[in-house]
There are 2 protein chains.
Amino acid sequence: MILKSQVEWALHCCAILAGLPEGRYLSTKALAELHGLPKEYLSKALQSLSQASLVDTTLGPSGGYRLARSPSEINFLDIVEAVEGKARSFTCTNIRENNPCRPAGYCDSKPCAVARIMWEADEAWRDTLRRVRLSDLVGILSEEVRPDLWQSTFEWVLKRAG
Amino acid sequence: MILKSQVEWALHCCAILAGLPEGRYLSTKALAELHGLPKEYLSKALQSLSQASLVDTTLGPSGGYRLARSPSEINFLDIVEAVEGKARSFTCTNIRENNPCRPAGYCDSKPCAVARIMWEADEAWRDTLRRVRLSDLVGILSEEVRPDLWQSTFEWVLKRAG
DNA sequence: GTTTTGCGGATATTCTGTATCCTTAATTTG
DNA sequence: CAAATTAAGGATACAGAATATCCGCAAAAC
Ligand code: SF4
Ligand code: SF4
């Protein structure tokens with residue numbers, strides 16, 4: 001069980017978009033270059049963010065992406081689910097139905113305990129991600145990243161933001 | 001991100017093994033038949049449990065598997081990690097190293113905030129699974145499964161247990 | 001009108017999960 | 001002892017998902 005690398009990409013891109021001045025856009029090209037990622041494929045991740053209404057887009061030169069809401073109104077789960085999907089990590093194939101001892105026509109009223117426990121763990125994972133806001137991430141990064149790198153990165157970004 | 005179906009299989013098999021009388025073994029053949037699973041492939045899952053020292057095995061006719069410890073000393077995480085592996089679900093490909101603004105020779109002292117937050121969620125998932133013991137599962141199942149089915153299943157099992 | 005951009009569809013490639021088969025060694029049964 | 005049964009592990013095939021690239025389209029900027 002492993003998350004797609006697009007999750008990492010999307011999180012990093014959102015962190016960058018969170019630092020954009022009001023009303024400006026940043027293109028896929030710039031984001032791909034900044035992170036050293038395949039432009040065409042990163043585009044798919046950004047499209048996922050767009051479909052989840054996490055980002056606004058505009059076309060044409062000087063077009064690109066910007067956050068649809070403030071970084072404090074977007075949490076990690078929003079971003080992760082946009083890319084990874086909302087499906088639970090444990091899928092029940094209902095193997096208990098194959099039990100040869102089962103009376104014919106026996107109908108299970110609810111999902112069995114195994115599934116419920118696995119889903120509970122899944123919910124704990126989601127809860128943790130839900131509690132971390134994009135603004136929290138930006139706060140941590142701005143403290144941890146070396147100031148000169150932090151600054152030159154955003155100069156680099158602003159030069160390319162439409 | 002989806003868990004392998006072997007996880008479900010392993011959990012169900014352990015629940016059955018937990019109901020075996022002291023010292024008896026149950027074969028792959030019986031477990032596969034009971035759950036309607038491909039015997040050869042289920043065998044791989046059981047081998048994982050064996051490698052993780054969760055079950056004891058013995059060869060020959062009347063051989064098979066039994067729990068290596070009491071059901072109260074085995075938790076969900078033990079079983080899940082045995083078949084799914086202990087790797088974290090989020091893998092960091094360190095894309096920040098591609099930042100063109102990076103000073104040459106810049107060395108990151110620690111994993112970045114994105115990775116740490118994702119790993120924290122992973123830990124929450126594991127914690128939840130760690131807190132549920134196999135004996136808890138058996139307790140719930142014995143209450144929820146219709147008594148006649150519960151009983152006939154274990155009669156079926158005992159008839160095949162070596 | 002030309003360029004740039006996001007978007008979606010189509011396609012190819014690589015990797016993982018699923019599944020089967022076969023050999024070997026240990027153990028029970030007769 | 002001989003035959004049957006079992007777990008273990010290696011080899012291999014198959015299916016589906018993740019990764020990646022390419023193309024055509026419509027909207028926006030200039
Ligand atoms: S016991 Fe639970 S997890 Fe297993 S098949 Fe039934 S519903 Fe699914
Ligand atoms: S920012 Fe974190 S998750 Fe992203 S590449 Fe760097 S270390 Fe990995």
Side-chain angles (χ1 to χ4, degrees), chain A residues 1-10 13 17 23-33 35-66 68 80 82-85 87 89-91 93 95 160-162, chain B residues 1-10 13 17 23-33 35-66 68 80 82-85 87 89-91 93 95 160-162:
Chain A
M1 182 192 58
I2 206 155
L3 293 165
K4 7 186 168 188
S5 51
Q6 287 193 343
V7 170
E8 183 185 359
W9 303 357
C13 287
L17 293 182
R24 318 247 332 240
Y25 293 86
L26 193 61
S27 70
T28 306
K29 183 157 169 270
L31 285 167
E33 218 174 312
H35 295 118
L37 300 173
K39 177 164 104 57
E40 313 286 347
Y41 193 33
L42 172 63
S43 167
K44 301 295 183 188
L46 297 174
Q47 282 174 41
S48 298
L49 295 179
S50 173
Q51 282 171 348
S53 299
L54 296 178
V55 296
D56 287 334
T57 69
T58 187
L59 291 177
S62 84
Y65 296 87
R66 73 176 176 202
V80 172
V83 174
E84 189 68 33
S89 63
F90 180 86
T91 57
T93 55
I95 61 176
R160 285 156 183 85
Chain B
M1 184 192 58
I2 205 154
L3 293 165
K4 2 186 170 190
S5 51
Q6 286 194 343
V7 169
E8 182 184 0
W9 302 357
C13 287
L17 293 182
R24 318 245 335 238
Y25 293 87
L26 194 61
S27 70
T28 306
K29 182 156 170 272
L31 285 167
E33 221 173 293
H35 295 117
L37 301 173
K39 176 163 108 50
E40 312 286 346
Y41 192 33
L42 172 63
S43 167
K44 302 293 183 187
L46 297 174
Q47 282 174 43
S48 297
L49 295 179
S50 173
Q51 282 172 346
S53 299
L54 296 178
V55 296
D56 287 335
T57 68
T58 187
L59 291 177
S62 84
Y65 297 87
R66 74 175 175 202
V80 171
V83 297
E84 189 68 32
S89 64
F90 180 85
T91 58
T93 55
I95 61 177
R160 285 155 182 85

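Below, chains carry the letters A, B, ... as their sequence lines are ordered, and counting in each starts from 1. Predicted, not measured: the structure shown is a model, and the values here were computed from it. Atom set for the values below is all heavy atoms of this structure, side chains included, hydrogens, waters and symmetry mates excluded.
- Ranking D:dT19, C:dT3, C:dT18 by closeness to the B:S5 side chain, first place goes to C:dT18.
- One can place CZ of B:R66 at 15 Å from C1' of D:dT6, the figure rounded to the nearest angstrom.
- To the nearest angstrom, C1' of C:dG6 lies 5 Å from CG of A:L59.
- In this model, the phosphate group of D:dA18 is not approached by any side-chain N or O of A:Q6 to a distance below 4.0 Å at OP1 or OP2.
- Taking atom NZ of A:K4 as the reference point, atom P of C:dT16 lies 16 Å away to the nearest angstrom.
- Side-chain nitrogen and oxygen atoms of A:Y41 include at least one within less than 4.0 Å of the OP1 or OP2 phosphate oxygen of D:dT19.
- For the pair A:K29 NZ and D:dA29 C1', the interatomic distance rounds to 16 Å; values are reported in whole Å.
- Taking atom CD of B:Q47 as the reference point, atom C1' of D:dG10 lies 10 Å away to the nearest angstrom.
- Among the protein residues, B:Y25 comes within range of no part of the nucleic acid, since none of its heavy atoms lies under 4.0 Å from any strand.
- Not one N or O on the side chain of A:R160 forms a donor-acceptor pair closer than 3.5 Å with the backbone of A:A30.
- In this entry the distance linking CD of A:E40 with P of C:dG6 reads 11 Å, nearest Å.
- A:D56 places its CG atom 15 Å from the C1' atom of D:dA27, with the value rounded to the nearest Å.
- Here the side chains of B:V83 and B:K4 are not in contact, with every heavy-atom distance at 4.5 Å or above.
- Proximity of B:V55 to B:L46: side-chain heavy atoms (C-beta onward) are nowhere separated by under 4.5 Å.
- Between C:dT4 and A:S62, no contact under 4.0 Å exists linking OP1 or OP2 to a side-chain N or O.
- Taking atom CZ of B:R160 as the reference point, atom P of D:dT5 lies 15 Å away to the nearest angstrom.
- Checking the phosphate oxygens (OP1, OP2) of C:dA26, no side-chain nitrogen or oxygen of B:T58 falls inside 4.0 Å.
- If you check every strand for non-hydrogen atoms under 4.0 Å, B:S43 touches nothing.
- Using a 4.0 Å cut-off, no side-chain N or O of B:Q51 falls inside it from OP1 or OP2 of D:dA8.
- Taking 3.5 Å as the limit, the base of C:dG17 and the side chain of B:K44 contain no donor-acceptor pair of atoms between them.
- Using a 4.0 Å heavy-atom criterion, one finds that B:G64 contacts the sugar-phosphate atoms exclusively.
- Screening residues 41-59 of chain A for side-chain hydrogen bond (donor to acceptor under 3.5 Å, both in side chains), with sequence neighbours left out, gives A:S43-A:Q47.
- Residues B:Y65 and A:E84 both approach DNA chain D. Their nearest nucleotides, taken by heavy-atom distance, put B:Y65 toward the 5′ side.
- For B:P38, taking side-chain heavy atoms from C-beta onward, the closest of the listed nucleotides D:dA26, C:dG17, C:dT20 is C:dT20.
- Residue whose closest nucleotide on DNA chain D sits further toward the 5' end, between A:G60 and B:S27: B:S27.
- Looking at B:R66, its side chain never comes within 3.5 Å of a backbone N or O of B:R24 through a donor-acceptor pair.
- Contact of the B:H35 side chain with the B:W9 side chain is not registered, since no non-hydrogen atoms from C-beta on lie closer than 4.5 Å.
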